[in-house]
Amino acid sequence: MPLRPLLSSLTRHKLTVLLLVLQVGLTCAIVCNVVFMIVNRTAQLRQPSGLDEDQLVMIESIGLDENENPLTRHAGDLAALRQIPGVTSAVAIDALPFNGNDWSNGIATTPNAETNLTATAYNGTPGELGTLGLHLVEGRDFRPDEYLPMDSAHDWAGINHVPVTIITRALAEQLFPGRSALGKDIYPGDNPVRVVGVVDHLLRPQLREAASNEYSTLLPLLPDSADVTYVLHTKPQERERVLRQVSDVLDRLNGNRILRKPQTFTQLRDDYFRRNRTMIGLLLAAATGLLFVTALGIAGLASFWVQQRRRSIGIRRAIGATRGDILRYVQAENFLIVSGGIVPGMLLAYALNLLLMTHYELPRLPFLYLPAGAVLLWLLGQGAVLGPALRAAAVPPVVATRAD
Amino acid sequence: MFGYYFALALRSLKRSKVLTALMILAIGLGIGASMTMITVLHVMSGDPLPGRSAQLFVPQLDARPLVRNKSSKDSAPNGNLTWPDAMNLLRAHRADRQAAMASGSAPIRPLQGSLRPFFQPGHYVTADFFPMFDVPFRAGGGWTAQEDEQRARVIVLNAELNRKLFGDAPGIGRTVRLKNTDFRVIGVLDDWYPQPTFYAQVNDRAFGKTDQFFLPLQTALDLQLSFGGNFMCWGNGGDARTSDHCNWLQFWVQLDSPAKAQDYRRFLGDYWREQQAHGRFPRPVDAQLYGLMDWLTRQQVIPSDLRLQLWLALGFLGVCMLNIVGLLLAKFLRRGSEVSVRRALGAQRRDIFLQFGIESAVIGIAGGVLGLGIAELGLLSVRQRPDGYAQLAQMDAAMLLGTFALAVCASVLAGLLPAWRACHIAPALQLKTQ
């Protein structure tokens, strides 16, 4: 296809072409970034917590009896909860991924050192690892004699006496790059704590930057404040039934308490990411809307031009052009315009990404998005122009002999 | 003439019904999406305390050590003070009014009826809180600074909690049991929920109904009631709430004139240097004093997702506008011969301009009406969100007018360029080519 007549015809509509090129460019830039954001947020949504997510149910209990010993209360409650049919194990803990209850400590590897690394401390009763379904990749679980109370009444002083810890692989690699963390000491409090195990994944209760999302430590500290969360392990299909029984069992044991948020872990996760899902929906709608409007612009313009050029198309047909020639002409013209938009569009996409990186903590746009965006817009353009192009190809040669 | 052009515009639009409908739809969607988000951000950036906000300030004393996370989220100061600093500023009494505060929640145990114990969010504050923020009382009032020091067991209820416990009559003088302690009700508020809850730590719960009770800060600390919000410690020596290396308290001052604000700034600077001489405040920053509205902007009270949604909507509107301009231009230029004939018969340029201008205005106004409907639908969907700001998303008269003005301006602007190009078609040339 000779390029000259195509170009010279387009220069007769400079302003219109310029507008369409701008529109395609802007669409390309926005859609590239929007799709990138969708991919990013979907990845956040799918992050593994490290837990057996579909086998856990939980309830928060706040004891109101001033005179009772929380440790005794928790032990009694757990014994009763384990009796519920279908419950394979139960533990009392102070925090869970996505529950927002984040007790983070600065972690140093030498005594009294200043540190800029913080990690969440998860505390629970024996059996925490197995109940939550955490996967130990190195080392061992805690021994029964290593457990001691958190001492929450005295500003959680237990952390200064705890002998051992299990940490996540992400934290281990950050603290001891290239070496095994087993047997090393870390300092979450005033005294050294020996690493005896490493688990592959455990997200923090509240997500932050991607790099530090898995900086977690497990400590053999027994929750001893009145406010505690019980986590029960059961089969996925038994969760609802177990959940219905949990409140009754606890109430019968001691009614002088407040029970809150009985839920499955799946619900906890869904709630945590609700805003994220709304945002993904809106981003999808925006991308679809933009592509629709741009397709509309391309199709509308092409159909105006076909109407305008009926006579010249007729003449071309009369002097020997085939229907295919006309079809290809219109398609080539569209390809040229869309390509003209894609080049500035890619630069714009990159600029927009830089802006989003500074204001919205978005990572850098991977290069692959740019050619993918280009292909998408070419396809969109060709799809939108097909109708008008077919209509142009159907113009009979006899039109040439008629006045418009 | 006007009526005739209007009829011409309708006739021209009817000739390509589908395209006209799609153009109206595009502009309607663009305007609807933009107005939804502009309205949401407009209501969220409102003044929580009109008339008083200009006199309210947040002093900031960043006592944290030098080494912290490099990440932006952790290093930006959140305005929290340590207990000793808050108490020093409170007792120095250098502002017209001052109060320290922290959020919390407590189990309420109804003494009468069959209500089960339930949790309620509240705030632990000092005496000046109520007069400083002009808190409206339905009955009773706040407490005195003396009662603060005596750790008095008094409580102020918001209307909703009062209704739940005592019915419609204010329960002044009656007893409420929080956790294991009895408090005497001395005041009942008039459904007071400033939007955002500016006096608390700014987080994703800044909008919506929150605090149901208020009681003296020192009393809460004494009774070890449960505190909420960010509690951050550094260094060694335990994590006690009263230590000088844990920040968690919010502090507000009222300064009635710019001169007083200037004086207070100086006082803060002096305090800063005096503490530095004692080895505290290692950061190379100064004490700061922020006005209320400035503070809310700095703390980004509007979630970044919402700002992103606004930009997305505006970007969409931009593309829609480009689209309309291009289509109208192509449409008008196609009618070159018609214009030539009219020009040859004596029509002036401004006649042509008016004719096409009216045609684009018709599209714009139709798109604006549609956009208004879409914006209402958009706000309806925002109100279904589980966030605290959802209930604020209502369009007021100003926003309604704004939407319409935006629609008409947008489309007239979009029509201007095509109409201007059309009226420059030379009469003779077009006639000849036919």
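We name chains A, B, ... by the order of the sequence lines, and we start the count at 1 in each one.
Atoms CE and CG, on B/Met321 and A/Leu22 in that order, are 13.0 Å from each other to the nearest 0.5 Å. To the nearest 0.5 Å, atoms CD (A/Gln308) and NZ (B/Lys331) are separated by 13.5 Å. Separation of atoms CG (B/Leu312) and CG (A/Leu290) is listed at 7.5 Å; rounding is to 0.5 Å. To the nearest 0.5 Å, the span separating CG on B/Leu329 from CZ on A/Phe304 amounts to 10.5 Å. Taken to the nearest 0.5 Å, the CG atom of B/Asp305 stands 8.5 Å off from the CZ atom of A/Arg275. Between the CG atom of B/Leu19 and the CG atom of A/Leu301 there is a distance of 9.5 Å, given to the nearest 0.5 Å.
With chain A as the partner, the residue from B/Ala33, B/Pro303, B/Gly326 showing the most heavy-atom pairs under 4.5 Å is B/Gly326. Between chain A and the options B/Asn323, B/Val325, B/Leu22, the largest number of non-hydrogen pairs under 4.5 Å is found for B/Asn323. Residue with the most contacts toward chain A among B/Ile324, B/Leu417, B/Val319: B/Val319 (heavy-atom pairs, distance under 4.5 Å).
Residues of residues 277-286 of chain A lying within less than 4.5 angstrom of chain B, judged on heavy atoms, are A/Thr278, A/Met279, A/Leu282, A/Leu283, A/Ala286 in numerical order.
In this structure, chain B has no heavy atom under 4.5 Å from any part of A/Leu20. Both the backbone and the side chain of B/Phe119 come within less than 4.5 Å of a heavy atom in chain A. For A/Thr294, the part lying under 4.5 angstrom from a heavy atom of chain B is the side chain only. At a 4.5 Å heavy-atom cutoff, A/Arg309 makes no contact with chain B through either its backbone or its side chain. Contact annotation for B/Arg421: only side-chain heavy atoms (C-beta onward) come within less than 4.5 Å of a heavy atom of chain A. Of the atoms belonging to B/Leu327, heavy atoms from both backbone and side chain fall under 4.5 Å from chain A. Looking at A/Asn256, only its side chain comes within 4.5 Å of chain B, counting heavy atoms on both sides. Contact of A/Leu356 with chain B is made through the side chain alone, with heavy-atom distances under 4.5 Å.
When side chains are defined from C-beta on, A/Thr27 does not count as touching B/Phe316, because their heavy atoms never get closer than 4.5 Å.
Residue B/Trp311 qualifies as open at atom CH2: its count of foreign heavy atoms under 6.0 Å is 12 or below.
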